[in-house]
Amino acid sequence: MPAYRSRTTTHGRNMAGARGLWRATGMKEGDFGKPIIAIANSFTQFVPGHVHLHNLGQLVAREIEAAGGVAKEFNTIAVDDGIAMGHEGMLYSLPSRELIADAVEYMVNAHCADALVCISNCDKITPGMLMASLRLNIPTVFVSGGPMEAGKVVLKGRQRAVDLIDAMVVAADASVTDAEVEAVERSACPTCGSCSGMFTANSMNCLTEALGLALPGNGTTLASHADRRKLFVEAGHLIVDLAQRWYERDDASVLPRNIASFAAFENAMTLDIAMGGSTNTVLHLLAAAQEAGVPFGMADIDRLSRRVPVLCKVAPAVADVHVEDVHHAGGIFGILGELDRAGLVNRDTATVHSRTLAEALDRWDVRRTEAASVHELFRAAPGGIPSTEPFNQSARWPEVDIDREKGVIRDAAHAFSKDGGLAVLTGNIAEEGCVVKTAGVDASILRFSGPARIFESQDAAVAGILGGVVQAGDVVLIRYEGPKGGPGMQEMLYPTSYLKSKGLGKACALITDGRFSGGTSGLSIGHVSPEAAEGGTIGLVEEGDTIEIDIPARSIRLAVPDAEIARRRAAMEARAEPWQPVGRDRKVSAALQAYAALTTSAARGAVRDVAQLKRR
Ligand SMILES: CC[C@H](C)C(=O)C(=O)O
Ligand SMILES: [Mg+2]
């Protein structure tokens with residue numbers, strides 16, 4: 001029977017000092033002996049996905065106390081990728097994932113907390129907390145801040161849904177007037193919550209639901225809707241129950257590593273492929289799997305991508321469907337229900353709320369249950385009230401969208417495409433692989449070949465695209481932007497958005513050892529591994545070389561003879577400072593240099609590898 005971790009500091013005469021300090025935090029006599037539950041919140045006024053979290057940690061805390069626990073809240077940082085995008089602020093985005101994971105580890109282990117509630121939301125906060133929960137392996141429940149409502153705007157006499165990406169694209173489109181750009185800017189992000197498309201934040205919050213570590217509805221219930229409050233209340237009660245099951249009844253099934261098993265990682269990746277999730281999920285699931293000690297790797301992702309169809313298309317893959325519409329169609333359990341009917345999910349995985357996924361599907365798949373409460377949950381609708389406050393509206397659709405032939409979620413027989421929404425490509429330019437979100441690639445360019453237009457930084461690529469250097473038919477190649485080379489593996493959202501702004505979205509390819517925002521679509525191939533800074537062949541490509549991309553064949557290659565590549569490699573190794581970008585003047589802080597010294601390639605999830613230090 002495991003002992004409560006918190007007894008280390010709450011029991012024994014010699015812990016009088018610690019108990020004195022616990023008392024000063026507000027612990028009462030009767031609290032000593034109750035499970036101490038850490039609440040990892042991530043409130044900040046820098047991020048719309050977190051601006052509304054300031055009181056939600058205490059909402060959970062009151063419920064923990066009502067359920068018989070002691071709640072202790074702390075806060076992590078939270079970077080807003082959309083604000084950090086397109087300048088050197090983006091160098092900090094992926095490194096912040098490691099800081100968040102470490103911050104949760106530090107606070108939970110330093111104070112011997114017994115269990116954990118993670119209040120996350122945006123791009124690196126959910127992955128960072130997920131890594132921490134699997135590293136710590138104590139009872140954990142995730143409840144994220146929830147998705148933002150899609151914006152609505154009238155352009156050229158037609159009302160359309162808009163989001164952050166639309167604001168970025170129209171701003172660089174000379175055919176759009178200043179007044180129209182302003183109208184989109186003012187409408188694109190109407191409420192608190194994570195940006196409304198199937199971008200990285202929403203992808204990861206949906207995947208945490210599929211992994212079994214979050215409650216049904218976590219990924220798609222709007223931040224603005226009153227229903228979302230119930231998820232926080234339920235999380236507060238559930239975590240005390242999970243803690244008691246582990247520490248008092250030796251029930252190891254509640255531990256994160258027994259929930260996020262290999263089969264659960266397969267389910268999460270299957271969901272991602274079926275809904276065209278952000279390619280960042282590849283990085284973050286690989287990193288989380290490593291923390292969990294689960295041998296889930298790129299080969300598994302490739303295997304799944306070849307058998308899972310696209311059952312749901314959401315912005316940026318399509319313009320007029322957002323996460324609120326996925327919710328209206330039954331949410332993540334609606335998609336998992338269709339995947340289950342197609343025999344594509346592991347039904348016996350555990351969750352924090354149901355004994356198995358199969359039991360959860362019976363209860364939460366809107367096509368399996370008539371339960372009014374479930375149908376009411378998925379009728380939750382946007383309120384259209386601009387606000388930074390949560391739970392401020394309770395609009396409902398008349399019915400749940402269960403049209404699986406033409407609706408937002410499809411059954412396997414009516415899939416948007418038989419091929420999955422994500423593909424892993426390999427070849428001489430990416431021997432450890434690279435990824436492309438196929439759900440966002442026009443069918444006409446699944447096979448593409450063209451001359452390399454080389455840029456040694458994201459900024460140079462932006463200047464080249466906006467300055468007309470990039471022409472139709474080109475393969476934009478951005479390198480030395482990997483985890484080590486950037487450092488920090490920037491998201492290339494502005495280059496991919498500006499290709500659209502210039503009308504080149506279906507006329508060019510873009511490949512990089514960097515990565516992409518979930519807002520990227522088009523023939524955008526990222527995570528090229530090994531990266532240029534680690535001696536990858538992408539560092540040997542020369543201007544005008546032909547790059548051949550064949551998504552159906554899962555291949556990408558530099559059409560240059562092996563002997564020439566070998567010659568170039570020898571010449572590179574002979575340089576005084578090999579594998580460095582040409583003509584780039586980027587100041588890299590000591591903090592980022594420390595990150596670069598320990599990180600690894602995208603094919604490993606850009607995880608920290610301290611073994612590198614011993615090899616020096
Ligand atoms: C819309 C872009 C978003 C902020 C992002 O960075 C991602 O999805 O990764
Ligand atoms: Mg991002």
Side-chain angles (χ1 to χ4, degrees), residues 42 44 46-51 77-87 89-97 100 120-128 144-145 147-151 161-171 184-185 187-207 219 223 272 275-285 287 314-319 321-323 421-422 435 437 439-440 458 481 483 486 488-498 500 512 514-522 524 526-527 602 606:
S42 48
T44 175
F46 280 101
V47 189
H50 296 251
V51 69
I77 63 170
V79 167
D80 186 321
D81 275 16
I83 294 174
M85 200 74 69
H87 55 86
M90 180 38 68
L91 297 176
Y92 291 90
S93 167
L94 186 58
S96 73
R97 181 190 77 179
I100 290 163
S120 63
N121 217 20
C122 287
D123 292 20
K124 302 304 171 296
I125 300 89
T126 298
S144 55
M148 180 189 286
E149 292 186 18
V162 289
D163 56 56
L164 169 77
I165 303 301
D166 297 291
M168 291 179 169
V169 172
V170 298
V184 174
E185 174 190 323
S187 309
C189 303
T191 68
C192 59
S194 41
C195 292
S196 54
M198 193 50 79
F199 307 140
T200 303
N202 289 326
S203 297
M204 284 307 298
N205 293 320
C206 292
L207 265 57
D272 186 82
M275 67 181 188
S278 165
T279 48
N280 280 313
T281 59
V282 170
L283 269 182
H284 302 324
L285 284 186
V314 195
V318 291
V321 175
H322 289 80
V323 169
L422 179 133
V435 296
K437 183 166 59 177
Q458 190 259 173
E481 291 285 15
M489 200 177 179
Q490 289 193 69
E491 293 183 346
M492 303 295 163
L493 177 58
Y494 273 114
T496 59
S497 297
Y498 290 161
K500 285 185 184 176
T512 179
R515 60 195 174 99
F516 296 109
S517 143
T520 282
S521 55
S524 305
H527 307 202

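In listed order, ligands and their atoms are each counted from 1. Only this structure's heavy atoms are used, side chains among them; waters, hydrogens and symmetry mates stay out. Fair warning: this is a prediction, and the values are worked out from it, not measured in the lab.
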**Request:** Assess the side chains of Thr520 and Thr496: does a donor N or O sit below 3.5 Å from an acceptor N or O?
**Result:** yes
**Prompt:** Which residues pass the salt bridge (charged side-chain N to carboxylate O under 4.0 Å, His left out) test with Asp163, sequence neighbours left out?
**Reply:** none
**Asked** Are the side chain of His527 and the backbone N or O of Leu283 linked by a donor-acceptor pair below 3.5 Å?
**Response** no
**Request:** Check the side chains of Thr200 and Arg515 for a donor-acceptor pair under 3.5 angstrom, ignoring hydrogens and angles.
**Result:** no
**Asked** Measuring from Ile125:CD1 to Asp123:CG, what's the distance to the nearest 0.5 Å?
**Response** 7.0 Å
**Asked** Quick one: OG1 on Thr126 to CG on Leu207, what's the gap to the nearest 0.5 Å?
**Response** 10.5 Å
**Message:** With 2.8 Å as the limit, count the protein N, O or S atoms near the Mg ion (ligand 2).
**Reply:** 4
**Complete:** In chain-and-number order, ligand 1 lies under 4.0 Å from a heavy atom of each of Asp81, Gly82, Met85, Asp123, Leu164, Ile165, Phe199, Thr200, Asn280, Glu491, Leu493, Ser517, Gly518, Gly519
**Request:** Can you sort out the partners of Asp272 under salt bridge (charged side-chain N to carboxylate O under 4.0 Å, His left out), two or more places apart, ordered by chain and number?
**Result:** none
**Message:** Does either side chain, that of Lys124 or that of Ser93, offer a donor lying less than 3.5 Å from an acceptor on the other one?
**Reply:** yes
**Asked** Will you find, in the side chains of Gln458 and Glu481, an N or O donor that is under 3.5 Å from an N or O acceptor?
**Response** no
